[in-house]
Amino acid sequence: MKKQKFIKLFLLAILIIPIISACSSETAPYNSKEKLGPQVNYTITGIDAGAGEMSTTQTAIKKYHLGVSNKWQLQPSSTSAMTSTLDKAYKNKQAIVITGWQPHWMFKKYKLKFLKDPKNVYGKAEHISTIVRKGLKKDSPGAYKILDQFHWTPSQMSDVMLEVNAGKSPKTAAKQWIKKNKKTVDRWTKGVNKATGKKSIKLTYVAWDSEIASTNVIAQVLRDKGYNVTIQSMEMQPVWASVATKAADATVSAWLPKTSAKFYADYKNQVEDLGANLEGAKVGLAVPTYMTKINSYNDLKNK
Ligand code: PBE
């Protein structure tokens, strides 16, 4: 008899424990009536430690007094880890705070909002600049001209990113985008003759979704004009160093004026800045719009 009772209780426990734990705060949806901090373990879900946005976010944690007693911390990971954490949280309507940026497909796939930044830590708008090595104009005037004329919009960049996110290879997505946007591409290649003799051009970039898109598109445009183009991904600092030391010819991934400010300051005299290839970019912490009470950096500690 006693043994049977024990078995019954045991079976009950096996049934109930998973139900209870499924209801625990880890998987519970965002609750606007409770403080945010504990709902996300005071954690901002970040990307690769080398990203400019990561150091800007450390500054934000200081300036908005989110650290120490308020316990907020920035969790480094990678873009893909961050977006998959976001995907899971979003599906369950859970609280999450991420290091966001635009253009990026995350803003097309999910309803997200940037937090208001009254202390202007992240700056207002960013642009993405094309940086080339010194001497490129003389050595490869055609490639230089294409890189100089390369200019597109956040929505055009997002189109390529969405295709890659949907499973296309970046190269295929770039080729298809070029086919569909002949007019735009014609502006970039205007006045440039097809290169002869297979001149080599090397582009370096960081493997963020936005830079995967831009680098693959401009690389393909250069290939179509007869250049032998290689692209290589690395961390941000070596990207700048590669162009400064002429190990690479160019990068189209310089987020300015804030995000890459440190590298720009270090390298600006050793490279040539061809100006913006995209305007209207933005960087900052973002949350899903269902987190109705969280609208500003101050809300992270107060609400
Ligand atoms: N990002 C995307 C980069 C620039 C482009 C915002 C992740 C960064 O933080 O450095």
Side-chain angles (χ1 to χ4, degrees), residues 44-61 74-86 96-110 112-115 117 120-131 150 152-158 160-162 164-165 170 203-218 231 233-243 250-268 271 273 275-287 297:
I44 297 163
T45 305
I47 51 171
D48 48 301
E53 179 165 21
M54 293 294 277
S55 43
T56 316
T57 302
Q58 295 293 5
T59 309
I61 289 175
L74 175 61
Q75 173 77 54
S77 63
S78 65
T79 306
S80 56
M82 178 193 82
T83 48
S84 84
T85 308
L86 170 65
I96 184 165
V97 183
I98 57 156
T99 51
W101 71 94
Q102 222 170 14
H104 192 282
W105 55 262
M106 62 181 137
F107 279 88
K108 291 217 173 174
K109 195 161 170 185
Y110 312 107
L112 303 174
K113 57 185 175 185
F114 280 112
L115 297 183
D117 178 17
N120 199 26
V121 176
Y122 293 83
K124 296 239 152 51
E126 291 269 284
H127 59 265
I128 310 177
S129 281
T130 301
I131 306 290
F150 169 48
W152 61 348
T153 65
S155 133
Q156 289 175 317
M157 185 192 236
S158 292
V160 181
M161 269 190 269
L162 272 174
V164 176
N165 178 244
L203 307 175
T204 50
Y205 67 109
V206 187
W208 297 308
D209 297 313
S210 35
E211 280 48 53
I212 291 171
S214 55
T215 307
N216 274 278
V217 166
I218 198 66
I231 66 173
S233 76
M234 48 187 73
E235 298 268 314
M236 199 65 221
Q237 196 274 336
V239 164
W240 282 88
S242 67
V243 180
T251 183
V252 292
S253 37
W255 284 57
L256 293 164
K258 268 239 153 110
T259 310
S260 300
K262 187 183 159 295
F263 302 121
Y264 191 74
D266 289 350
Y267 290 107
K268 66 171 187 289
V271 298
D273 179 2
N277 59 56
L278 180 145
E279 277 116 7
K282 192 171 162 61
V283 170
L285 298 188
V287 300
Y297 288 83

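Note that the structure is predicted; figures quoted are calculated from it, not measured. Read the numbers this way: they start at 1 and go in the same order the structure lists the ligands and their atoms.
- Side chains of Ile128 and Met157 form a contact here, defined as non-hydrogen atoms less than 4.5 Å apart.
- Annotation: atom 9 (O) of ligand 1 to nearest protein heavy atom, Glu53 N, 2.8 Å.
- For the pair Thr83/Lys109, no side-chain contact is recorded, criterion being any heavy-atom separation below 4.5 Å from C-beta on.
- The residue Thr99 has no part lying near ligand 1, judged by heavy-atom distances below 4.0 Å.
- Among all protein heavy atoms, the one lying closest to atom 7 (C) of ligand 1 is Ile47 CD1, 3.3 Å.
- Using a 4.0 Å cut-off to heavy atoms of Thr259, the atoms of ligand 1 that qualify are 8 (C), 9 (O), 10 (O).
- Heavy-atom proximity to atom 4 (C) of ligand 1, evaluated over Tyr205, Phe263, Trp255, is greatest for Trp255.
- At under 3.5 Å, a nitrogen or oxygen of Gly52, whether backbone or side chain, sits near a nitrogen or oxygen of ligand 1.
- The main-chain N or O of Gly284 is found under 3.5 Å from a side-chain atom of Glu53 such that the two form a donor-acceptor pair.
- Around the CD atom of Glu235, the shell of radius 6.0 Å holds no more than 12 heavy atoms that belong to other residues, nucleotides or ligands.
- The aromatic rings of Phe150 and Trp152 are tilted relative to each other, their planes meeting at an angle between 30° and 60°.
- Aromatic ring orientation, Trp240 versus Tyr264: perpendicular (interplanar angle above 60°, classes split at 30° and 60°).
- Contacts between Glu211 and ligand 1, counted as non-hydrogen atom pairs separated by less than 4.0 Å, involve the side chain only.
- Residue Trp101 places no N or O, backbone or side chain, under 3.5 Å from any N or O of ligand 1.
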